[in-house]
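Here's the structure, in structure tokens; my notes come after.
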There are 2 protein chains.
Amino acid sequence: MNPSPWQPLSPEKPARPARTPLNRERIVDAAMRILLDQGYEAVSMRKVAQSLETGPASLYAHVANKRELDQLLVDRAAADIELPVADPARWQEQLKDMLRSTLEVMRANPGVARAAIGQVPLGERALDSTEAMLAILKAGRVPDQAAAWAIDMLHLYVTAVAFEESVQGASGWTVDDVESFVAGMRHHFASLPADRYPFTVALAGALTAGALGDERFEFGLQVMISGLAAMVPPEER
Amino acid sequence: MNPSPWQPLSPEKPARPARTPLNRERIVDAAMRILLDQGYEAVSMRKVAQSLETGPASLYAHVANKRELDQLLVDRAAADIELPVADPARWQEQLKDMLRSTLEVMRANPGVARAAIGQVPLGERALDSTEAMLAILKAGRVPDQAAAWAIDMLHLYVTAVAFEESVQGASGWTVDDVESFVAGMRHHFASLPADRYPFTVALAGALTAGALGDERFEFGLQVMISGLAAMVPPEER
DNA sequence: CTACAATTCGAACGGTGTTCGTGAACGAAC
DNA sequence: GTTCGTTCACGAACACCGTTCGAATTGTAG
């Protein structure tokens, strides 16, 4: 019945029961390692447990469910976002910098975007980021309600961009892979029937431009922040 | 061995082998019905097959995989988006209308957002929508590259908003449920340590406002489109 | 040393997407 | 009219998934 009956010699290490106690941190560590190595799809309760040399049931004493683990991963990554000290004279550039940093973090931890999308980030680190953004927006005299909704909008945008990137180049795409994918898409647009899709055909090049670098993202930042700046009461700027 | 051995009488209908031929359309129909009735989570190859009185393997002759089925669902829904005829004088309002219509469609088909997020929509119907948006943007004299990237940005935003809504009220949330959820979140923000999170605490109300109606979405539209309008060369407006 | 609460974790439940190989159905060729 | 070849339906299985239950094991307070 007993699967590991007895080990009469060398009693120092009876196989495995050295029992390094499990805790949230070790679990998130292990999950993060899998996320970085193998992408988000690979982060399952089973794989995390396995990499800690235990069974999936053991995790549930420390983490409510997979969703909570996802949130913990997001918050761990959010710790790396650079938080400037609000400066009224540079608020627009500071906001852009924060969002660039957020995208960088999500790119560096591929899969975090997939865990973050569609969830209001409520972890400690994520709240630090929200607080810093609010400070910058208020330094720029953006009205309260506009600032609050702007946070939501900007967060949604960055996450969606990162998510899109992480879906397309699921894992291990080279620059050449991306280029040939984009070339294929451009060709697809360009060879549509021009009578039904005149603009799409004419703009096939523009529609597929900037898939690699940051131009597209920068464009979004520029549009949103200039739109936001237009909401600052005129007498305050 | 044979589970349905023989039916000696009434040879007209031997149980089921009447063999209404399977095809893409019938599969998408069935999937759409499940999506509307039971939400996106319920759309599995097995359930779709079951509702067609067959096994999951049968679907793979007509649909490459679940991802492709998701795309087909998205395109089916995209057919309902209202497409205006571009009018230079009203381009901003027309663009907003299209995006409102898109959000409406995604709300009416809860779960479509989950299938659409992170995928460039390439179906026939989705392309009609892209073409119409391009027409409106060009009617508004938005430069080519800006128009192309704007499409991407706006699509990302609408989908992300719809996705967020579909995740939070997973299914069957009443207005009261949403309100108490929002109240809880507002309380959470408001009771954070005010020395570390001064802005978050002060703006707790604003941060949680507009979760129910369209104000938040309208805000995003307003910001993005006014930011976009700023990119029209001054001499052309 | 005992009792109790917390933690660990094997086993199982009920799902998932996808593949394989059998076999039936059907149009074309002889 | 019979055979052939191709297409398509589909039962069974594979390898997973998140989560729960209950028994065993531990650390700690009394």
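Below, read A as the first sequence line, B as the second, and so on, with proteins coming before strands; counting in each chain starts at 1.
If you find the closest nucleotide of DNA chain C to A:Arg46 and to A:Ala61, the one lying nearer the 5' end belongs to A:Ala61.
Between B:Lys47 and C:dG15 there is no side-chain N or O to OP1 or OP2 distance below 4.0 Å. A sub-4.0 Å separation between OP1 or OP2 of D:dA9 and a side-chain N or O of B:His62 is present. At the phosphate of C:dC9, OP1 or OP2 sits under 4.0 Å from a side-chain N or O atom of A:Ser58. A close approach under 4.0 Å does not occur between any side-chain nitrogen or oxygen of B:Thr54 and OP1 or OP2 of D:dA9.
A:Glu53 has its CD atom 14 Å from the C1' atom of C:dC9, to the nearest Å. Spacing between atom CG of B:Leu52 and atom P of D:dC10 amounts to 10 Å, rounded to whole angstrom units. Separating the CE atom of B:Met45 from the P atom of D:dG11 is a distance of 15 Å, rounded to the nearest angstrom.
Salt bridge B:Arg76/B:Glu25: absent, no basic N to carboxylate O contact under 4.0 Å. Electrostatic pairing of A:Lys96 and A:Glu218 does not count as a salt bridge here, judged by no charged N lying under 4.0 Å from a carboxylate O.
For the 3.5 Å distance criterion, the side chains of B:Tyr60 and B:Asn65 fail to qualify, holding no donor opposite an acceptor.
Using the six-membered ring where Trp is involved, B:Phe219 and A:Trp149 have ring planes that are tilted, between 30° and 60° apart.
Using a 4.0 Å heavy-atom criterion, one finds that A:Ser44 contacts the sugar-phosphate atoms exclusively.
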